Student: 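Below you will find the structure I want to go over with you.
We use all heavy atoms of the structure for the numbers below, so side chains are in, but hydrogens, waters and symmetry mates are not. Just so it is clear, the model here is predicted, and its values are computed rather than measured.
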There are 2 protein chains.
Amino acid sequence: MKNIKLKLARVEKDLSQDELAKIVGVSRQTIGLIESGKYNPSLSLCVGICKALSRTLDDLFWEED
Amino acid sequence: MKNIKLKLARVEKDLSQDELAKIVGVSRQTIGLIESGKYNPSLSLCVGICKALSRTLDDLFWEED
DNA sequence: ATAAAATGTAATATATATGTTGCAAAAAGT
DNA sequence: ACTTTTTGCAACATATATATTACATTTTAT
């Protein structure tokens, strides 16, 4: 499923996928694929994204069921 | 670095590494390596572990700095 | 002390996250 | 309308998470 919370947090910070990717140190495609729910990212990458966007893991990657 | 919070949550539930591994659907070694900090697990595995231990991502995998 | 269970570690194999390049489509700016 | 930026998508290459098997070590129970 798509990660809409991640996309929202990114646009709230006024960052493009490419800009966020450069901050985190991955490729633009990786960010795009995570947002579109086609990748299962590593924990360290999730943490890097969270820190770049001033959020926590629960904020961006946790889904209640 | 070792993930002591994960190990504590596991023993609080009275589960061995092998038992947790079976619940989550991975090998015993994978759980051991995550606890000892030698693996960078995938997000879906982290979520599976959290649900098996009734915790959230922030509980087990987030470190303030 | 002994046996059983739990954990650590290592070798090799496989699946998949991620990188790179390139191009197309869509969105935004002028 | 036109240009620029942003995003999507595909093919191939590489790195690494994870599986499997086996054995050693430690911990726990008897």
Student: Tell me whether Lys22(B) at atom NZ has more than 12 heavy atoms from other residues, nucleotides or ligands lying less than 6.0 Å away.
Tutor: no
Student: So with a 6.0 Å cut-off around NZ of Lys2(B), is the heavy-atom count from everything else above 12?
Tutor: no
Student: Specify the separation, in whole Å, of atom CG of Leu43(A) and atom C1' of dT16(C).
Tutor: 17 Å
Student: Rounding to a whole Å, what distance do you find between Leu45(A):CG and dA15(D):C1'?
Tutor: 14 Å
Student: Return the value, rounded to whole Å, for the distance between atom CG of Asp14(A) and atom P of dT5(D).
Tutor: 15 Å
Student: Rounded to the nearest Å, what distance is computed from the CG atom of residue Leu20(A) to the P atom of nucleotide dT6(D)?
Tutor: 13 Å
Student: So does Lys7(A) have more than 12 non-hydrogen atoms from other groups sitting under 6.0 Å from NZ?
Tutor: no
Student: So which protein nitrogen or oxygen atoms get under 3.5 Å of nucleotides 7-13 of chain D's nitrogens or oxygens?
Tutor:
residue : atom : partner  : partner atom : Å
dT7(D)  : OP1  : Arg10(A) : NH1          : 3.0
dT7(D)  : OP1  : Arg10(A) : NH2          : 3.3
dT7(D)  : OP2  : Gln17(A) : N            : 2.7
dG8(D)  : OP2  : Gln17(A) : NE2          : 3.0
dG8(D)  : N7   : Arg28(A) : NH1          : 3.1
dG8(D)  : O6   : Arg28(A) : NH2          : 2.7
dC9(D)  : OP2  : Lys38(A) : NZ           : 2.8
dC9(D)  : N4   : Gln29(A) : NE2          : 3.3

Student: Report which part of the nucleic acid Thr30(A) touches: base, sugar-phosphate, or nothing (heavy-atom distance under 4.0 Å, all strands).
Tutor: sugar-phosphate
Student: Could you tell me which residues satisfy side chain to side chain contact (heavy atoms under 4.5 Å, CB included) with Lys13(B), sequence neighbours excluded, listed by chain and number?
Tutor: Leu15(B), Leu53(B), Ser54(B)
Student: Can you measure Lys13(B) atom NZ to dA6(C) atom P for me and round it to whole angstrom units?
Tutor: 18 Å
Student: Just list the side-chain donor-acceptor pairs under 3.5 Å for residues 41-50 of chain A, sequence neighbours left out, or say none.
Tutor:
residue  : atom : partner  : partner atom : Å
Ser42(A) : OG   : Ser44(A) : OG           : 3.4
Ser42(A) : OG   : Leu45(A) : N            : 3.3
Ser42(A) : OG   : Asn40(B) : ND2          : 3.2
Ser44(A) : OG   : Asn40(B) : OD1          : 3.4
Ser44(A) : OG   : Asn40(B) : ND2          : 2.9

Student: Specify the separation, in whole Å, of atom CG of Asn40(B) and atom C1' of dA17(D).
Tutor: 8 Å
Student: Keeping the roles fixed (side chain from Asp58(B), backbone from Leu57(A)), state whether a donor-acceptor pair exists under 3.5 Å.
Tutor: yes
